[in-house]
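Comments concern the structure below.
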Amino acid sequence: QVQLVESGGGLVQAGGSLRLSCAASGLTFSRSAMHWFRQAPGKERDFVACISSWSGSTSYYAESVKGRFTISRDNAKNTVYLQMNSLRPEDTAVYYCAAGPLGSSVRFMDYWGKGTLVTVSS
C-alpha cells in the first residue's frame, strides 16, 4: 500500500530553518506530483507548495511562503523535501505531504502522510 512518511519537524526560533522530508513507498514516485500542506490549530488545511512529477521542473508556492520555502524532490530516494528558511511564528503547524494532481486542492489529493509538527517560537 502507499505510504508517505514525513520527518524533520521540531521546535525552532523565529528566523531559523528546518528541512522537512517525505519518504514515499508503494507508488511510482517519479510519476507523482508531490505537495506540502499545513494545518495550524483550529484552522483548515492549507496549501504550501507543490512540485511536478519526473524532473520537478514546475513548482508552485503559497504567497505566504514564497521566497522563504523551497520544494524539491529526489526520485532516486523517493523523497520530497521542503526547505523552510526565515521561519515565522505563523508558520507553526502540522505539515503534511500528499500525492495528487499538481496544484489541486486538499480534496483531490490521492494519498496523505500523517504529518510532522513544526513549532516556531518568537
Side-chain angles (χ1 to χ4, degrees):
Q1 84 254 27
V2 175
Q3 281 194 313
L4 302 177
V5 180
E6 302 94 337
S7 61
L11 174 64
V12 64
Q13 287 190 329
S17 298
L18 281 175
R19 188 177 81 155
L20 305 184
S21 300
C22 171
S25 60
L27 78 168
T28 308
F29 180 77
S30 57
R31 294 172 60 181
S32 302
M34 300 299 297
H35 303 69
W36 288 97
F37 292 84
R38 67 186 181 186
Q39 188 166 18
K43 296 192 176 181
E44 293 185 348
R45 193 170 296 188
D46 292 330
F47 168 77
V48 175
C50 62
I51 188 166
S52 58
S53 58
W54 302 109
S55 66
S57 57
T58 300
S59 58
Y60 299 108
Y61 296 90
E63 283 298 323
S64 59
V65 306
K66 217 173 266 188
R68 301 187 297 123
F69 291 9
T70 303
I71 190 171
S72 61
R73 64 188 300 150
D74 185 338
N75 292 335
K77 295 182 178 180
N78 285 2
T79 300
V80 61
Y81 303 97
L82 186 67
Q83 178 67 44
M84 305 186 296
N85 298 329
S86 302
L87 283 161
R88 305 166 181 169
E90 54 264 39
D91 294 318
T92 295
V94 177
Y95 283 71
Y96 296 91
C97 171
L102 184 68
S104 296
S105 62
V106 168
R107 62 178 175 151
F108 292 113
M109 292 296 108
D110 297 313
Y111 306 105
W112 289 92
K114 293 184 178 181
T116 186
L117 177 62
V118 172
T119 304
V120 184
S121 63
S122 56

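In what follows, residues are counted from 1 in the order of the sequence shown.
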Stepwise, does the side chain to side chain contact (heavy atoms under 4.5 Å, CB included) test hold for E6 with S21? CA-CA 6 Å; E6 302 94 337; S21 300; over 6 Å; no
Closest heavy-atom pair and its distance - [X], [Y]:
{"X": "L82", "Y": "A49", "answer": "CD1-CB, 4.2 Å"}
{"X": "A14", "Y": "S122", "answer": "CB-CA, 4.3 Å"}
{"X": "I71", "Y": "S59", "answer": "CG2-CB, 3.8 Å"}
{"X": "C22", "Y": "L4", "answer": "SG-CB, 3.9 Å"}

Under a 4.5 Å side-chain heavy-atom rule over Ile, Leu, Val, Met, Phe, Trp and Tyr, are [X] and [Y] clustered together?
{"X": "M109", "Y": "W36", "answer": "no"}
{"X": "V94", "Y": "V120", "answer": "no"}
{"X": "F29", "Y": "V2", "answer": "yes"}
{"X": "V65", "Y": "L102", "answer": "no"}
{"X": "Y81", "Y": "L18", "answer": "no"}

Decide yes or no on side chain to side chain contact (heavy atoms under 4.5 Å, CB included) for V118 and M84, but give the supporting numbers first. CA-CA 10 Å; V118 172; M84 305 186 296; 3.8 Å; yes
Verify, without hydrogens or angle tests, whether [X] (side chain) and [Y] (backbone) share a donor-acceptor contact under 3.5 angstrom.
{"X": "T92", "Y": "T119", "answer": "no"}
{"X": "E44", "Y": "Q39", "answer": "no"}
{"X": "R73", "Y": "S52", "answer": "yes"}
{"X": "Y61", "Y": "R68", "answer": "no"}
{"X": "Q83", "Y": "F69", "answer": "no"}
{"X": "R31", "Y": "L27", "answer": "no"}

Per the ring pair (Phe, Tyr, Trp, His ring centres under 6.0 Å) rule, which among W112, Y96, F108 passes with F37?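 Looking at W112, Y96, F108, the match for F37 under the ring pair (Phe, Tyr, Trp, His ring centres under 6.0 Å) is W112.
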For residues [X] and [Y], determine if any side-chain heavy atom of one lies less than 4.5 Å from a side-chain heavy atom of the other.
{"X": "V80", "Y": "C97", "value": "yes"}
{"X": "D110", "Y": "P101", "value": "yes"}
{"X": "S121", "Y": "L11", "value": "yes"}

We want to know whether Y95 and R38 form a side-chain donor-acceptor pair, criterion being a heavy-atom distance below 3.5 angstrom.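 Yes, a side-chain donor-acceptor pair sits under 3.5 Å.
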Determine whether T79 and D74 satisfy the following criterion, side chain to side chain donor-acceptor pair (under 3.5 Å), listing intermediate values before the conclusion. CA-CA 5 Å; T79 300; D74 185 338; over 6 Å; no
I need the N75 CG to S55 OG distance, nearest 0.5 Å.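 The OG atom of S55 is 8.5 Å from CG of N75, to the nearest 0.5 Å.
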Determine, step by step, whether I51 and H35 satisfy the side chain to side chain contact (heavy atoms under 4.5 Å, CB included) criterion, reporting the C-alpha distance in whole Å, the side-chain angles of both residues, the deciding distance to 0.1 Å, and the verdict. CA-CA 6 Å; I51 188 166; H35 303 69; over 6 Å; no
Verdict with supporting geometry, Y111 and S32, side chain to side chain contact (heavy atoms under 4.5 Å, CB included): CA-CA 10 Å; Y111 306 105; S32 302; over 6 Å; no
